[in-house]
Protein chains: 2
Amino acid sequence: MSSSYASLTSALKQAGLRLTPQRLAICRFLAESREHPTAAMIYEHLRPEYPSLSAMTVYNTLKALVELGQVNALGDCGDDNVHYDADTSPHINLACISCHRIMDLPAPQIEALDGEISRASGYQLLGARLMFYGLCPDCQKTRVL
Amino acid sequence: MSSSYASLTSALKQAGLRLTPQRLAICRFLAESREHPTAAMIYEHLRPEYPSLSAMTVYNTLKALVELGQVNALGDCGDDNVHYDADTSPHINLACISCHRIMDLPAPQIEALDGEISRASGYQLLGARLMFYGLCPDCQKTRVL
DNA sequence: TATTTATTTATATTTATTATAAATAAGATT
DNA sequence: AATCTTATTTATAATAAATATAAATAAATA
């Protein structure tokens with residue numbers, strides 16, 4: 001379950017940032033897409049609608065959303081790109097090493113794990129990334145390798 | 001528990017790669033250090049001993065070890081650097097967001113999780129990265145922020 | 001020892017991201 | 001509404017990690 005468009009935009013507003021058309025479009029795409037897009041994907045997707053859009057604006061907006069805790073940057077997806085995930089609730093990311101699709105899985109076990117980890121380590125836990133890698137059902141059929 | 005020096009070097013040898021002094025030194029450092037070093041850290045650490053060492057050799061050796069499954073590249077450690085982990089057995093990485101130390105934790109729960117995930121998703125699972133973020137015991141005391 | 005092949009090194013190149021500064025747009029003030 | 005102030009966007013330049021290339025070196029083989 002992704003952060004909604006409303007929660008992304010209201011977080012920007014509460015931080016004193018203006019809700020410009022560019023920022024709103026980036027939020028809309030993040031909230032609606034289930035693709036864990038990269039900065040480049042967001043830029044290319046929005047360019048037809050906003051021909052003057054600059055990549056810098058995409059980077060800036062993503063950085064703001066990450067700092068506000070509304071979006072996670074995933075750096076370990078198996079390709080070499082940073083993907084953005086508007087779902088900041090505890091869950092598992094499953095990346096296909098062949099087609100590089102990323103899907104989300106609920107993981108109620110995480111809460112229990114969290115407790116065990118902080119007890120065992122003394123760390124005060126603030127977040128997690130649970131990335132699993134494998135072949136998705138489609139690529140298991142298609143791929144010979 | 002890290003891959004031993006012996007397993008790193010024998011994996012290189014079995015792959016038909018020569019055990020040069022540079023490669024052996026990189027393996028030794030990976031096996032002995034518990035610091036999850038970056039390529040730059042390895043390079044700087046070995047330079048006094050190997051003044052002619054080139055960064056390219058470090059990158060090449062790490063790439064070979066990663067491709068042989070002897071070392072994991074961790075791209076999501078909270079700083080913006082790729083850290084290398086010679087422990088490829090299933091475990092949890094715990095990164096301190098203040099001092100950027102990374103520690104390992106055993107996680108016998110992972111095997112069960114693995115089964116649940118492949119059943120729920122249809123993915124054929126091949127690996128995982130379990131990164132948790134927080135404040136280590138030292139930084140909880142030290143930091144005011 | 002000469003020859004072949006792998007490896008290392010030095011250098012150049014690439015590419016994602018960040019920094020900078022001018023241009024633009026929005027909000028506030030009068 | 002017009003002006004002033006500030007934020008934002010854009011275009012461009014700069015940065016830095018990683019990769020590619022090619023010459024130099026070292027190792028293995030004959």
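Letters go in sequence order (proteins before strands), and every chain restarts at 1.
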In whole angstroms, how far is the [atom2] atom of [N] from the [atom1] atom of [X]?
{"X": "Arg18(B)", "N": "dA26(D)", "atom1": "CZ", "atom2": "C1'", "answer": "8 Å"}
{"X": "Arg23(B)", "N": "dT25(D)", "atom1": "CZ", "atom2": "P", "answer": "18 Å"}
{"X": "Gln22(A)", "N": "dA7(D)", "atom1": "CD", "atom2": "C1'", "answer": "12 Å"}

Determine, step by step, whether His36(B) and Cys77(B) satisfy the side-chain contact (heavy atoms from CB on, under 4.5 Å) criterion, reporting the C-alpha distance in whole Å, the side-chain angles of both residues, the deciding distance to 0.1 Å, and the verdict. CA-CA 10 Å; His36(B) 303 76; Cys77(B) 297; over 6 Å; no
Distance under 4.0 Å to a non-hydrogen atom of chain B counts as contact; along DNA chain C, which nucleotides mark the start and end?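 Going 5' to 3' along DNA chain C, contacts run dT5(C) to dA10(C).
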Using a 4.5 Å cut-off on heavy atoms from C-beta on, say whether the side chain of [Y] contacts that of [X].
{"X": "Cys136(B)", "Y": "Arg101(B)", "value": "yes"}
{"X": "Val82(A)", "Y": "Leu74(A)", "value": "no"}
{"X": "Leu94(A)", "Y": "Leu125(B)", "value": "yes"}

Near DNA chain C, counting only heavy atoms under 4.0 Å, which residues of residues 58-78 of chain A show up?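 Output list: Tyr59(A).
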Counting only heavy atoms and a strict 4.0 angstrom limit, can you tell me which residues of residues 40-53 of chain B come near DNA chain C?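 Result for residues 40-53 of chain B: Ser52(B), Leu53(B), sorted by number.
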When you measure from the side chain of Gln140(A) to the backbone N and O of Leu135(A), does any donor-acceptor pair fall under 3.5 Å?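 Indeed, once roles are kept as given, a pair shorter than 3.5 Å links the two residues.
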Ignoring hydrogens and geometry, is there a side-chain-to-backbone donor-acceptor pair from His91(A) to Pro106(A) under 3.5 Å?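 No, His91(A) side chain to Pro106(A) backbone: no donor-acceptor pair under 3.5 Å.
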Output side-chain donor-acceptor pairs under 3.5 Å for residues 19-32 of chain B, partner residues at least two apart or in another chain, one line each.
| from | atom 1 | to | atom 2 | distance (Å) |
| --- | --- | --- | --- | --- |
| Thr20(B) | OG1 | Arg23(B) | N | 3.2 |
| Arg23(B) | NH1 | Arg18(B) | O | 3.0 |

Residue met sooner reading DNA chain C from 5', once Met56(A) and Thr57(B) are mapped to nucleotides: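 Its nucleotide being nearer the 5' end, the pick is Thr57(B).
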Roughly how far, to the nearest 0.5 Å, is the SG atom of Cys99(A) from the CG atom of Asp79(A)?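 With rounding to 0.5 Å, CG (Asp79(A)) is 10.5 Å from SG (Cys99(A)).
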Take Glu35(A) and Met41(A) through the test side-chain contact (heavy atoms from CB on, under 4.5 Å) and record every step on the way to the result. CA-CA 10 Å; Glu35(A) 315 168 34; Met41(A) 288 165 71; 3.5 Å; yes
What I want to find out is whether Glu116(B) reaches Arg119(B) closely enough, with some N-O distance under 4.0 Å, to be called a salt bridge.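 Here Glu116(B) does not pair with Arg119(B) in a salt bridge, since their nearest N and O are not under 4.0 Å apart.
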Give a yes or no on whether a salt bridge exists between Asp104(B) and Arg34(B), defined as a side-chain N under 4.0 angstrom from a carboxylate O.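 Answer for the salt bridge query: no.
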Evaluate side-chain contact (heavy atoms from CB on, under 4.5 Å) for Leu12(A) paired with Leu68(A), printing each intermediate quantity in order. CA-CA 8 Å; Leu12(A) 290 176; Leu68(A) 292 167; 4.0 Å; yes
With both pairing distances under 3.5 angstrom for Watson-Crick or G-U wobble, and | for a partner in another strand, the correct string for DNA chain D is ||||||||||||||||||||||||||||||
Would you give me the side-chain donor-acceptor pairs under 3.5 Å for residues 53-66 of chain B, sequence neighbours excluded?
| from | atom 1 | to | atom 2 | distance (Å) |
| --- | --- | --- | --- | --- |
| Ser54(B) | OG | Met56(B) | N | 3.0 |
| Asn60(B) | ND2 | Met56(B) | O | 3.4 |
| Thr61(B) | OG1 | Thr57(B) | O | 2.8 |

Reading DNA chain D from 5' onward, which residue's closest nucleotide shows up sooner: Asn81(B) or Pro21(B)?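 It is Asn81(B) whose nearest nucleotide is closer to the 5' end.
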